[in-house]
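Both ligands and their constituent atoms are indexed starting at 1 by order of listing.
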Amino acid sequence: MAYDTNNIFAKILRGEIPNQTVYEDDHVLAFRDIHPKAKVHVLVIPKGAYESYEDFSAKASDAEIVAFTRAIAKVSKLAGIGVTGYRAIANTGADGMQEVPHFHIHLLGGQRIGGMITLPE
Ligand code: 5GP
């Protein structure tokens with residue numbers, strides 16, 4: 001499946017939609033989720049056009065992968081959840097129920113996040 005250049009995060013990266021930026025570098029942008037599911041809810045995305053974690057893991061350059069991984073700790077610190085902890089979630093593909101087809105990791109914290117997941121019947 002080809003990367004959809006009209007997905008909402010592509011528009012954010014192009015500056016067509018505003019965002020509450022937490023962190024930015026050459027390869028990464030992190031911003032507040034528009035519908036936060038916890039007191040702190042930040043999305044971390046690569047600037048490259050990767051539709052999912054699967055796609056990013058397979059195709060991103062070493063520099064992009066290193067920058068993205070290093071950004072997680074920078075973002076958690078800036079968001080005030082580096083010490084208290086957080087849950088990092090990467091919804092991936094159909095079964096992962098990914099809604100926006102641009103790779104992103106959710107960082108959820110600022111409170112106890114609760115048990116892992118409850119699967120539907
Ligand atoms: P997914 O289900 O794909 O893992 O999560 C997509 C996330 O993107 C959701 O948590 C949703 O609230 C967030 N989101 C969708 N549209 C926007 C937007 O325009 N701005 C921001 N900041 N977040 C968005």
Side-chain angles (χ1 to χ4, degrees):
M1 198 172 84
Y3 176 83
D4 172 14
T5 56
N6 279 322
N7 79 74
I8 205 90
F9 294 170
K11 291 180 180 176
I12 285 175
L13 284 169
R14 289 196 297 268
E16 295 166 11
I17 293 175
N19 74 90
Q20 280 186 272
T21 298
V22 174
Y23 173 80
E24 182 169 15
D25 65 26
D26 288 349
H27 294 297
V28 181
L29 179 67
F31 53 92
R32 306 273 173 191
D33 195 290
I34 201 166
H35 297 305
K37 305 280 193 305
K39 284 182 182 164
V40 176
H41 187 172
V42 179
L43 299 167
V44 188
I45 73 172
K47 289 187 172 177
Y50 303 103
E51 66 184 32
S52 67
Y53 201 177
E54 179 75 10
D55 192 31
F56 182 77
S57 174
K59 297 180 189 159
S61 68
D62 289 1
E64 288 174 302
I65 290 170
V66 168
F68 190 84
T69 303
R70 295 285 187 212
I72 298 294
K74 294 174 188 171
V75 172
S76 68
K77 190 173 181 183
L78 287 167
I81 56 174
V83 173
T84 47
Y86 54 89
R87 182 160 301 153
I89 299 173
N91 296 324
T92 305
D95 279 357
M97 301 193 73
Q98 180 179 357
E99 289 174 12
V100 178
H102 181 110
F103 172 45
H104 52 281
I105 284 187
H106 299 255
L107 298 185
L108 296 150
Q111 64 186 91
R112 294 281 194 228
I113 297 303
M116 275 290 281
I117 53 168
T118 304
L119 291 175
E121 296 294 318

Output, or 'none' if empty, a list of ligand 1-protein atom pairs in which both atoms are N or O and the distance is under 3.5 Å, rounded to 0.1 Å.
| unit_1 | atom_1 | unit_2 | atom_2 | d |
| --- | --- | --- | --- | --- |
| ligand 1 | 2 (O) | Glu99 | N | 3.3 |
| ligand 1 | 3 (O) | Glu99 | N | 2.7 |
| ligand 1 | 3 (O) | Val100 | N | 2.8 |
| ligand 1 | 3 (O) | His104 | NE2 | 3.0 |
| ligand 1 | 4 (O) | Asn91 | ND2 | 2.9 |
| ligand 1 | 4 (O) | His104 | NE2 | 2.7 |
| ligand 1 | 4 (O) | His106 | NE2 | 2.8 |
| ligand 1 | 5 (O) | His104 | NE2 | 3.2 |
| ligand 1 | 5 (O) | His106 | NE2 | 3.3 |
| ligand 1 | 10 (O) | Asp33 | OD1 | 3.3 |
| ligand 1 | 10 (O) | Asp33 | OD2 | 2.5 |
| ligand 1 | 12 (O) | Asp33 | OD1 | 2.5 |
| ligand 1 | 12 (O) | Asp33 | OD2 | 3.4 |
| ligand 1 | 22 (N) | Arg32 | O | 2.9 |
| ligand 1 | 22 (N) | Ile34 | N | 3.4 |
| ligand 1 | 23 (N) | Ile34 | N | 3.3 |

Point to revise | Single hit among His104, Glu64, His102 for side chain to side chain donor-acceptor pair (under 3.5 Å) with Tyr50 | key: Glu64

Exercise for review: From the options Ile12, Ile34, Leu13, select the one residue that forms a side-chain contact (heavy atoms from CB on, under 4.5 Å) with Asn19.
Suggested key: Ile12

Point to revise | Closest approach of Asp25 to Lys47 (non-hydrogen atoms, all atoms of both residues) | key: O-NZ, 2.7 Å

Review point. Just wondering, do Val28 and Arg70 contact through their side chains at under 4.5 Å, heavy atoms?
Key: no

Point to revise | Within 6.0 Å of CZ in Arg14, more than 12 heavy atoms from elsewhere | key: yes

Check your understanding: What do you reckon, is CG of Asn6 surrounded by more than 12 foreign heavy atoms closer than 6.0 Å?
Key -> yes

